[in-house]
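Input: a single structure, listed below in structure tokens.
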There are 2 protein chains.
Amino acid sequence: MLISVDFNSETPIYEQLKEQIVMGIASGALKPGEQLPSIRQMAEDLGVNLHTINKAYNQLKADGILTVDRRKGAVVNALTGPATLQQKDEIRKKLKPILARAICFGLSKNEIEDLCNDLYHEITGGNHE
Amino acid sequence: MLISVDFNSETPIYEQLKEQIVMGIASGALKPGEQLPSIRQMAEDLGVNLHTINKAYNQLKADGILTVDRRKGAVVNALTGPATLQQKDEIRKKLKPILARAICFGLSKNEIEDLCNDLYHEITGGNHE
DNA sequence: CTTTTGTTATATTTGTTATATAACAATTCA
DNA sequence: TGAATTGTTATATAACAAATATAACAAAAG
């Protein structure tokens, strides 16, 4: 998994990290049980501070996406089952203002459906059944 | 259009404002040509600073969603046609990390489709054909 | 003529992001 | 066992964004 950081981006570095790790898992590039570089290693590779990596890892840990212990470092979790109600609700809350904006821009229902399908396939690339 | 602000929210006040105005337009509660309260009026109503409202209005102006001049204040724009490529691309970029997260949580393609359709109807509520 | 409008400018406070160090206990490895 | 590496925690600092407080201006409305 290649991870890169854009220092000129509006999105915080630790958010960029989270997004790329999540993208890696969703695409299948990162599989359950797979191990991420140590926070110090990753920090050195990307040229950022140790705490920035730590923040990203720990937020993903709080999300249940990573497990991080002192022995194996950060490890990708396996799915524990179907998404919880809280998880679905979080996605819903994040999606809503973006869809409203899309509608504002004049996107039709079909265009939104197509866009979501396109993105789904762009992300999974054939994996995830 | 009733607008409210959560001072404890993670999302900045001016972002909350933008989201609610966009939601109002997408739902049909705000129609093209309709006029929003002046920045000072809105600031007083919500108990926030004039500049916070100004920032929200001006960013929506930059998005082409509002027109704001000295005579009529902030006015909702009519759709100028189908969404531009830049607009579609912006929606795409914002949607992608959220969909990746949904997939990470174990949401299936169908669940994502259903969620988007649900939200579409929840937002438009029967309007927008 | 007074009031209200959007606009612009400056200054200040607060919270977030990111960095720089430093230390600690637990674990790994030679 | 001893050295190195791990995640964790703490503190201090710099840079930036968000929000507020004032103030002033020209344009438009009443």
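Lettering follows sequence order; numbering is per chain, from 1. Everything numeric in this text was worked out from a predicted model, so none of it was measured. Worth knowing before you read on, the calculation uses all heavy atoms, side chains too, and leaves out hydrogens, waters and symmetry mates.
The residue among A:Thr11 and B:Lys61 whose nearest nucleotide of DNA chain C lies closer to the 5′ end is B:Lys61.
Placement of A:Ile25 and A:Val68 in two distinct hydrophobic clusters is found when ILVMFWY residues are connected by side-chain heavy-atom separations under 4.5 Å, directly or transitively.
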Worked verdict on B:Asp45 versus B:Gln41 for side chain to side chain donor-acceptor pair (under 3.5 Å)
CA-CA 6 Å; B:Asp45 291 349; B:Gln41 184 63 54; 3.0 Å; yes
Verdict with supporting geometry, A:Val48 and A:Phe7, side chain to side chain contact (heavy atoms under 4.5 Å, CB included)
CA-CA 10 Å; A:Val48 301; A:Phe7 291 94; 3.7 Å; yes
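In this structure, the side chains of A:Leu107 and A:Arg101 stay at 4.5 Å or more apart for every pair of heavy atoms. B:Leu46 has its side chain within reach of B:Ile53: a pair of non-hydrogen atoms, C-beta onward, lies under 4.5 Å apart. The shortest side-chain heavy-atom distance between B:Val75 and B:Leu36 does not fall under the 4.5 Å cut-off.
For the salt bridge (Lys or Arg N to Asp or Glu O under 4.0 Å) condition, the pairs that include at least one residue of residues 65-86 of chain A, sequence neighbours left out, are A:Asp69-A:Arg71. Residue pairs meeting the side-chain hydrogen bond (donor to acceptor under 3.5 Å, both in side chains) criterion with at least one member in residues 12-21 of chain A, sequence neighbours excluded, are A:Lys18-A:Gln59.
Between A:Ile13 atom CD1 and C:dT16 atom C1' there is a gap of 13 Å when expressed in whole angstrom units. Remark: P of D:dG7 and CG of A:Leu60 are 14 Å apart, rounded to the nearest angstrom. What separates CD of B:Glu15 from C1' of D:dA17 is a distance of 12 Å, to the nearest Å. Summarising the geometry, the separation between CZ on A:Phe7 and P on C:dT17 is reported as 16 Å, rounded to the nearest angstrom. Here the P atom of nucleotide C:dT4 and the CE atom of B:Met42 are 18 Å apart, to the nearest Å. Taking atom CD1 on A:Ile53 and atom P on C:dT17, their separation rounds to 15 Å, with Å as the unit. When the C1' atom of C:dT13 is taken as reference, atom CG of B:Asn49 falls 12 Å away, rounded to whole Å. Atom pair B:Gln35:CD and C:dT5:C1' shows a separation of 11 Å (rounding to whole Å applied).
Taking 4.0 angstrom as the limit, A:Thr52 places none of its side-chain polar atoms (N or O) nearer than this to OP1 or OP2 of C:dT17. Residue B:Ser38 places no side-chain N or O under 4.0 Å from the OP1 or OP2 atom of C:dT4. Phosphate proximity of D:dA19 to B:Lys55: absent, as no side-chain N or O sits under 4.0 Å from OP1 or OP2. Distances shorter than 4.0 Å separate none of the side-chain N or O atoms of B:Tyr14 from OP1 or OP2 on D:dA19. For A:Asn54 and D:dG7, the shortest distance from a side-chain N or O to OP1 or OP2 is not below 4.0 Å.
Every residue meeting the side chain to side chain contact (heavy atoms under 4.5 Å, CB included) condition with A:Thr84, not counting sequence neighbours, appears here in chain and number order: A:Gln86, A:Gln87.
When the C1' atoms of four end pairs are superposed on the next four at each end of the helix from C:dC1-D:dG30 to C:dA30-D:dT1, using five pairs per end, the two resulting axes differ in direction by 30°, to 10°.
Nearest nucleotide to the A:Asn58 side chain, out of D:dA29, D:dT8, C:dT7: D:dT8.
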Under 3.5 Å, which N/O atoms of the protein pair with N/O atoms of nucleotides 22-25 of chain C?
from	atom 1	to	atom 2	distance (Å)
C:dA23	N6	A:Arg40	NH2	3.4
C:dA25	N3	A:Arg70	NH1	3.4

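The residue A:Lys72 sits apart from the nucleic acid: no heavy atom pair falls under 4.0 Å.
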Result block: side-chain N/O donor-acceptor pairs under 3.5 angstrom for residues 91-99 of chain A, not counting sequence neighbours:
from	atom 1	to	atom 2	distance (Å)
A:Arg92	NH2	B:Glu122	OE1	2.8
A:Lys93	NZ	A:Asp89	OD2	2.6
A:Lys94	NZ	A:Glu90	OE2	2.9
A:Lys96	NZ	B:Glu122	OE2	2.6

